[in-house]
Structure formats: C-alpha cells, structure tokens
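Beneath this line is the structure, given in structure tokens, with notes to follow.
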Amino acid sequence: MENIQTTCSFCATGCNLIFQVENKEIISCKPLETYPVNKGLACIKGRNLAYENSMKYRCTSPLLRDNNGVMQPISWEDAYEIIAKKFLNINETYGRGSLAFLSTGQIPVEEMALLGLVGRFGLGMEGDGNTRLCMATAAVAYNQSFGFDAPAYSWEDLMTTDLAIFIGANPAISHPVPWWRLKKENPNAEIIVIDPRYTDTAKSAHKWLPIKPKADLIFLYTLANYLIAKDYIDHDFIVNHTDNFDDFKKFVTKFSLDELEKNTSIKKDELISLAEDIHNKKKVSFWWTMGVNQSFEATRTAQAIINISLMIKGFGEHGTGANSITGQCNAMGSRLYSVETCLYAGRKFNLLEDRKTISKILEIDDSLIPTRETLPFDQIISNMKTKKIRGLWIVATNPVVSFPHNKIMENLNSAADFIVVQDIYYDTETAKQAHLFLPASTSLEKEGTFINSERRFSAVQKVVDPPKGVKTDYEIILEIGKALGLNDKLKLDKWATPEDSFNLLRELSKGMPCDFTGIDYNKLKNSNGIQWPFREEEILIDNSRNLFSDNNFYTEDHRAKFIFENITSYPELPDIQYPFILITGRGGVGLWHTLTRTRNIPMVEHMYPHEDYVLISFEDAKKLELKNEDEVILTSKNGSCNIKVTINDVMTPGQVFVSMHYNVANKLTDALYDPYSKEPSYKYATVSIKKV
Ligand SMILES: Nc1nc2c(c(=O)[nH]1)N[C@H]1C(S)=C(S)[C@@H](COP(=O)(O)OP(=O)(O)OC[C@H]3O[C@@H](n4cnc5c(=O)[nH]c(N)nc54)[C@H](O)[C@@H]3O)O[C@H]1N2
Ligand SMILES: Nc1nc2c(c(=O)[nH]1)N[C@H]1C(S)=C(S)[C@@H](COP(=O)(O)OP(=O)(O)OC[C@H]3O[C@@H](n4cnc5c(=O)[nH]c(N)nc54)[C@H](O)[C@@H]3O)O[C@H]1N2
Ligand code: SF4
Ligand SMILES: [Mo]
C-alpha cells in the first residue's frame, strides 16, 4: 500500500489530498490533516476526485472523423502526423495567425508553458484560455492598480480578519473549504455579503445586501464618497504609497446617498451601517469573485474595491486587502505562464528586454517571440466566422457549453478547417465538434504543479498510471511540437519532462514579482506548498505571506493607483418584451462547470437534479401562476429554451437564475464584454418567461 499526496484539481482553494493506492488502484482518498490550506477538510468534489478516472466516457486512442462524419480510432503516430500536416498547411496557405489554441486553468503550469511555447512561439498561434472567461478582470485590475497581477493575500487572512465583505462571491458553494474554515476558525468575524441573490453564503452571513444586478460600481463609489466625507481613511498611507487620490476624492463626490436606493436597491442606512462597520472593525477585508469579474464594467468595479481597501486603514496587514478569489485549480498558473496575456512570469510582450531574457534562457531566436498579447477569446471566435482563423487546438476546456451566446460554437466543426480537441472525455459538447480527438490523462495520472488562489505552488503527483493508450497533456504537446519539426527551433530537448519545464520557468521568473527561484521541484512534493515570491537562498519563515506588507507596489513609482471612470448604464434594461433579469453561475458544491468531471460521482448523481431548472421568486411565481416543476420557455434576444421551474427564497422578484452547468445558460446570455479585460458579462441578460 502506498500513500500519495497530490493537489485537488477542481477549484483554486488548492486542497491537498492523500490517496491510498494498492496494486495500482486507488483504494481511498482523504484530505491531508497537516496541509495549511485545507487542514483535514475537503469538499464532495475533492473527496471523489478518483471518479474522474472512470472509463465510461474515455477512449484509449485518438479519434479521427471519417468522410461520413464518424469518429474512428487511429494511432498516436498517425494523429501527430495529421495534426502537423494540417497545421503547417493552414499556416502556409493563410499565413501565421490563422491558427489558435483555446486552453484552460485546469492543467499544470508545466503543460501550459509548453503549449504556449509550441503554439505561440512555434506556430505563431493566437492562444487564449477559459481564464479569460473568469479571472481576466482581476488580472487586468491588479496589473493596472498594483503594477502586476498580484493577489496579495493568503487564506490565513480570512481566518484573522474582523470583517469579511464578500462581493459577487458565493464561497459556500464555490470555495467551500475556506468558507468552512472561516466559520470554524474565525467565529467572531463579521460576514457581510453583497449579492442580488439570497445565496447559501448570504444566508449564513451576518448581513446580506441585496444589490440590484450590476449596481456594484455605483454602490462602491457612493461608499467611497461616504468614507472620505466621514474621514474614515488613512491619510499617511494615501500620501506615502498611492497616486491619484485627490482626483478620486473629487470624482466620487457626485455619488450621493440620496440616489443610492433608486440605483442599487440598497438603503441609505445599510450603506451607513456598512461604513461604520468598516471604520470600527480593526481588520477589514474584501473578497470578490464572478459577480464582479463577469460584468460590462468589471475592471472598474474590481478597482473600486481595490480603491476602498487602499484608502481605509490596514492595507498590507494580515486580515485586510482587496482579494480576488481564483476559480480553477491553476488559473493563477495560466495568468502568469501560458503565454497568452503576458510572456512567461508576467513579462511583457512589448518589452524588448523581456523578450531577450526569454530567448536567451530558452536558447531560441528572438523573432519567434510575439510582440503582442493574444487576441482575446471572443475575437478568436469572431475571426473564425470571418475565416481569418482556420484551425483550432482546444485543450481542457468545453467552450461549446461555457462560451457566452454565440451560434458559431454549435457549428464549430463546419466553421473551421480543422479542430483538434484534447480532453479526458471523448463525448464533451466540444469534442463532438472535433475533426480529431486526443484522449488525455486526468490530474491523477500525471505530474506537475498548480498555483492556488493565494499564490501557493503545490505538487501534482501521479497517483496511478494512465490507461494504456491515453497520454498526458505534456507528452501530447511535446510530441505535436516534434511532429511539427520544431525540435531545433524551440530546443525541445530542454523541455523533455515536466520537471525540465518547471526549471526553465523558475529561471524565467528570476527578478520578477513572482520569482520562485527558491522552490525545488522535487522538494515541493509532499510539502506544505510555497507561495510566490520565494527567491533563491531565501529561508521560509512564514508559509502564509502577504504581498505589500512593505507598501512597495510593482508600479514604476512603487505606488498603488486609484483608478476610476464614469459609469454608463447597462445596454440592456428589462422592458415589456423581456421583463426579467437572468443571472447565471454555480449551482451546487458537487457540480463542476460543464459537468464532464463530476457526472461520474455517485453521490452527485443522487444529490442534484439531472436537468436544468430556473430559480424564481415566490412573488414572480405567483404572478405568473407557476408551481414547482412547471415547464416554461425562457427567451432572451439571443435564444430560448424550455426549462423546469424551482421556486424558493434565493431570488429577488424580477430576477431569475439558471446555473452554468447544463448547457442552457449560454443559449441565453449576451455577447457583451468588459472593455479592458474582454471578460464576458455572463451574469446579466434580460429574458421573458412563458408557461408551456
Ligand atoms: N462547486 C463548484 N465550485 C466552483 C466552480 C464550479 O463550477 N462548481 N467553479 C470554480 C470557478 S472556475 C470559479 S470562477 C468560481 C466562481 O465562484 P463564484 O463567483 O462564487 O460563483 P458564481 O455563482 O459564478 O457567482 C457568484 C455570485 O455572483 C452573484 N452575482 C451575479 N451578478 C451580480 C452582481 O451584479 N453583483 C454582485 N455583487 N453579485 C452578483 C451571483 O448571484 C452569485 O451568487 O467557482 C469555482 N468553484
Ligand atoms: N453562463 C455562464 N457561463 C460561464 C460561467 C458563468 O458563470 N456563467 N463561468 C465561466 C467560468 S468562470 C469558467 S472558468 C468557464 C469554465 O468553462 P470550461 O473550461 O469550458 O468548463 P469545464 O467543464 O471545466 O471544461 C474543462 C474541460 O477540460 C477537460 N479536462 C479536465 N482536466 C483535463 C486535463 O487534465 N487534460 C485535458 N486535456 N482535459 C481536461 C474536462 O473534461 C472538460 O471537458 O465557464 C465560463 N462560463
Ligand atoms: S474546496 Fe476546492 S480544492 Fe478543496 S476539495 Fe473542494 S474542489 Fe477541491
Ligand atoms: Mo472560472
């Protein structure tokens, strides 16, 4: 019997698990008692991670679509050769930039980095990931405000804060372990939830502020104005460590309390009471997730949170901060190491010096390194419509279900000349659109590292071998690189194993804010993980460290910036035709995204509905004469669907909710994006409801 420690590959909490393995089979899984992140806790997904290895929807050889449209097994050698021929042919015929990859926050750092190398450097691909649909807003907001994509906090901050304010976050469902820890380890902390819905998180908070959807920016500017007017601010910190406060102060004066309730549904007294709480509590922390990131004014909303945290006392101290909670297990790795929106380690595409550093360390020609970031996800898709992009390589994401309303996703197969899908399962909605499918191993069948929400590197260790005929993403990408003839050009010999990739990235991180030159790949295994930065020769004294405790920001003048902008009204307001606001998001602790990975868990099968449902308030149900289980047609300007009704106290009248899990929500959502982060505004569409 062997005990193997690895990192959960669902959410970015980063829990560590111990698998008992006998005769090459998993016998049991339990959360690691001593790991600082989860301290013996794990949710239903982590505990049942082994079920994703089930062979029910997996195949053991690549599949190629034949002339009749049927997927037929082929050998790996043939698959690599066909991919190389097709990709090279598209590039030769239509020029570099005619290919794109769509990637993920759910594979190890080492694999993402290799995909970036082969795809972007080797083939001149555009290449974006599902992290665009998720964390792009937080990344842009931090970059602009702090000079680097740097979530500064540790989970420990949640355990030491006096006041935790959750904005557009539902951790009771989405990040259960930190949520349980907060309730258990920090019972005296006051918890306030700002969410249009009366979520599980809101129900067990001290206060719930039922904000009108997309009114956060007005609310936060009004709150800032009130805090400044009451002089509840830290003048020394503002003067010594920030830029642009005076303009911000002047700007927010137009956000008066008198307009508040009309604009946000939050009463004047509630804002005043929140401001008093902020003033009276010693350590105040803000935590946000997708209710903020997925909006049309998302970046400025995230920065409105950052502005308040910079202004009040305690910035940089434990238990405080403007803390964006990350979604997927390795979204943080994707933000820094996937060569999508930045070069390796957050280096900049447009800086010659950064490109030189990379070409020198990787021993490749400068000319291979792109001088701009990728086209964003939505433009990759629209370039497919106009045939500027002809080939797609989709790795570990299921955009046919998860991308916002876009008819082209359902006809991907005919829109592109050649689509490769690399997934664990051959039957995902996206895999069904592939010309060629590559079966990849799960996180339990490979090795590498993930970076969690608090910047902690932790080891992914191979628990069992992949089934014969299934390969790791690392092997697949490397072999495709070789088949493309990129061996010499990219010096692929230097990238032979995940450990090699890690060591190259380590060297590339030197001198950057995310410097991890002090982390050893092998020593990371079976350890407590280590947060970046951790530099060569550094001694680990505290394994829960915050950035900015020295007030030294990564901007040129080392100051944080107050960034703000005039508010515009949402382009789509409820009207007679579409009187309801549709919100979308997570539907349960046991449900993961497009369900490919959680459908095999027996407990999940029993606990959750098997088809989609729309949540609706008692008031609206009465008005529309609906009862539970009634079928309705939901229609937005983008599409419609039949769906069953669930009536409960979660929804505010005038608003309905459909989860993102069952391939319904995105038939209705709008194709609207934040102008800076290009993240979709998934959390808002206007709809009508008709009883069938
Ligand atoms: N069980 C489970 N856990 C997950 C995931 C999963 O699929 N299943 N996915 C992971 C990933 S990738 C991510 S990104 C995270 C997401 O984690 P969360 O962001 O917590 O999840 P969501 O349900 O998408 O959105 C959070 C809340 O935003 C609220 N909201 C909507 N519009 C607004 C608004 O205008 N203002 C405010 N203030 N709030 C609003 C919604 O009502 C919702 O309750 O979860 C991670 N964890
Ligand atoms: N309406 C609406 N839409 C949303 C959201 C929302 O709130 N509302 N949230 C958005 C957010 S935050 C996110 S993160 C996205 C998520 O959207 P997706 O990334 O499309 O969702 P997943 O189901 O996680 O897809 C991951 C795929 O990778 C496969 N996979 C898992 N592990 C591996 C691996 O190691 N190797 C390979 N090759 N494949 C693997 C899985 O089987 C699965 O098919 O959805 C977005 N879409
Ligand atoms: S909280 Fe997140 S990381 Fe922890 S076990 Fe659950 S899904 Fe895995
Ligand atoms: Mo996400």
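Every number for a ligand or one of its atoms is a count from 1 in the order of the listing. As the structure is a computational prediction, the values presented were derived from the model and not from experiment.
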Subject >> Region of T428 that comes within reach of ligand 2 [heavy atoms, distance under 4.0 Å] >> reply: side chain
If the cut-off is 4.0 Å to any non-hydrogen atom of [X], which atoms of ligand 2 fall inside it?
X    : value
A440 : 37 (C), 38 (N)
T596 : 41 (C), 42 (O), 43 (C), 44 (O)
A665 : 1 (N)
N666 : 1 (N), 2 (C), 3 (N)
D473 : 34 (C), 35 (O), 36 (N), 37 (C), 38 (N)
K446 : 34 (C), 35 (O), 36 (N)
I107 : 34 (C), 35 (O), 36 (N)

Please answer whether the main-chain N or O of [Y] pairs with a side-chain N or O of [X] as donor and acceptor at a distance below 3.5 Å.
X    : Y    : answer
S636 : L668 : yes
S309 : I306 : yes
R181 : P176 : no
T374 : G127 : yes

Is there any N or O on [X] that sits under 3.5 Å from an N or O of ligand 2?
X    : answer
D423 : yes
N398 : yes
Y425 : no

In plain terms, say whether [X] and [Y] are close enough for a salt bridge, that is, a side-chain N and a carboxylate O under 4.0 Å apart.
X    : Y    : result
K446 : E475 : no
K203 : D649 : yes
D427 : R58  : no
D128 : K678 : no

Subject >> Check: D216 and I167 side chains under 4.5 Å, non-hydrogen atoms >> reply: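 Of all side-chain heavy-atom pairs linking D216 with I167, at least one is under 4.5 Å.
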Subject >> Student check: side-chain heavy atoms of T594 and H661 closer than 4.5 Å >> reply: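 The answer is no; the side chains never approach within 4.5 Å.
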Original post:
Would you call S441 a ligand 2 contact, heavy-atom distance under 4.0 Å?
Top reply: yes
**OP:** Give a yes/no on ligand 2: does T104 have at least one heavy atom closer than 4.0 angstrom to it?
**Re:**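 Checking ligand 2 against T104, which is what was asked, there is no heavy-atom contact under 4.0 Å.
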Original post:
Under a strict 4.0 Å criterion on non-hydrogen atoms, which protein residues are in contact with ligand 1?
Top reply: C11, K45, C134, I167, G168, A169, N170, I173, S174, H175, I194, D195, P196, R197, T199, I211, P213, K214, D216, T289, M290, G291, G327, Q328, I583, G585, R586, G588, V589, L591, W592, H593, H661, K683
**OP:** In sequence, state the C-alpha distance, the side-chain angles, and the governing distance for E605 and R599, and then conclude on salt bridge (charged side-chain N to carboxylate O under 4.0 Å, His left out).
**Re:** CA-CA 7 Å; E605 271 282 290; R599 62 185 158 170; over 6 Å; no
**OP:** Step through the shown structure and confirm whether more than 12 heavy atoms of other residues, nucleotides or ligands are within 6.0 Å of OH on Y51.
**Re:**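 No, the 6.0 Å shell around OH holds no more than 12 heavy atoms from other groups.
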